[in-house]
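Below is one structure, written out as structure tokens; comments come after it.
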Amino acid sequence: MGIGYLVAIAVSSVSLLVSLYTLYRVESLARRISRLISAASSEARVLKGFREAASKPRKRYIVFEVQSTREYSEKEVAKAIIGAAREVLGETGLVDSGLHLIAYYPERRIGILRVRNTYKYRALAILGLVRDIRGEKVRLVPLYTSGTLKKALKRAGVRKK
């Protein structure tokens, strides 16, 4: 065994050590980058969820007419609509829908119903299901749907209270 052979072994050993060290550093760096990406994506998910939870649900205002031979109070109309909604949607669906009688004008027999936009068509169906108030036949006919109360009031032909 000559000196040349020992030098070759030493050079290859050093080269192997440098390669292992480089591999270790690259793997360590890859793990660190992976953790950063994971943290950033989970933070983005949290922020996205927060943004969705913080945004207010959009509303729709449905102007409807009560077709009947007599006048009804706002309380009677609201009770009939809520009863039909509870029957169709159930308690949790009723709460989720945000269904609320905003205004009712007995002299004109026109009312305005507020509902979340995702429940608009169900609310229209509910209006069609109301068949009687206090045992007397009645029809609730939707006239107009709006995204703002101001336009709904304008279409109902009344001024804001």
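Taking the side chain to side chain donor-acceptor pair (under 3.5 Å) definition, one finds that Glu71 meets it with nothing, sequence neighbours left out. Residues passing the side chain to side chain contact (heavy atoms under 4.5 Å, CB included) test with Ala156 are Val63, Ile110, Ile112, Val158, sequence neighbours excluded. Listed by chain and residue number, Glu76 satisfy the salt bridge (charged side-chain N to carboxylate O under 4.0 Å, His left out) test with Arg134 (two or more places apart in sequence, or in another chain). Every residue meeting the side chain to side chain donor-acceptor pair (under 3.5 Å) condition with Ser68, not counting sequence neighbours, appears here in chain and number order: Tyr72.
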Would you list the atom pairs, donor with acceptor, under 3.5 Å between side chains in residues 24-32 and any protein atom, with sequence neighbours excluded?
none

Acceptor/donor pairs from residues 86-98 side chains to any protein atom, 3.5 angstrom cut, sequence neighbours excluded:
from: Arg86; atom 1: NE; to: Glu91; atom 2: OE2; distance (Å): 2.5
from: Ser97; atom 1: OG; to: Gly93; atom 2: O; distance (Å): 3.4
from: Ser97; atom 1: OG; to: Leu94; atom 2: O; distance (Å): 2.8
from: Ser97; atom 1: OG; to: Leu99; atom 2: N; distance (Å): 3.3

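Within the structure, side chain to side chain donor-acceptor pair (under 3.5 Å) contacts touching residues 145-157 (residues at least two apart or in different chains) do not occur. Counting only residues at least two apart or on different chains, no salt bridge (Lys or Arg N to Asp or Glu O under 4.0 Å) pair has a member in residues 119-132. Pairs passing the salt bridge (Lys or Arg N to Asp or Glu O under 4.0 Å) check and including a residue from residues 106-115, sequence neighbours excluded, do not occur.
Side-chain contact check for Leu101 versus Phe64: some heavy-atom pair is nearer than 4.5 Å.
Taking both residues in full, the closest heavy atoms of Ala152 and Tyr61 are given as CB-CB, 3.7 Å, listed atom of the first, atom of the second, then distance. In this structure, Ile62 and Pro142 approach most closely via the heavy-atom pair CG2-CB, 4.3 Å.
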Next item on the list: Walk me through it: do Tyr104 and Ile81 pass the test side-chain contact (heavy atoms from CB on, under 4.5 Å)?
Entry: CA-CA 12 Å; Tyr104 179 67; Ile81 292 171; over 6 Å; no

Check: Going through the distances and angles, do Arg60 and Arg116 end up as a side-chain contact (heavy atoms from CB on, under 4.5 Å)?
Finding: CA-CA 6 Å; Arg60 294 292 174 263; Arg116 287 201 176 133; over 6 Å; no

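With a 6.0 Å radius and a threshold of 12 heavy atoms from other residues, nucleotides or ligands, Arg139 has its CZ atom at or below the threshold.
Atoms CD1 and NZ, on Ile102 and Lys59 in that order, are 8.5 Å from each other to the nearest 0.5 Å.
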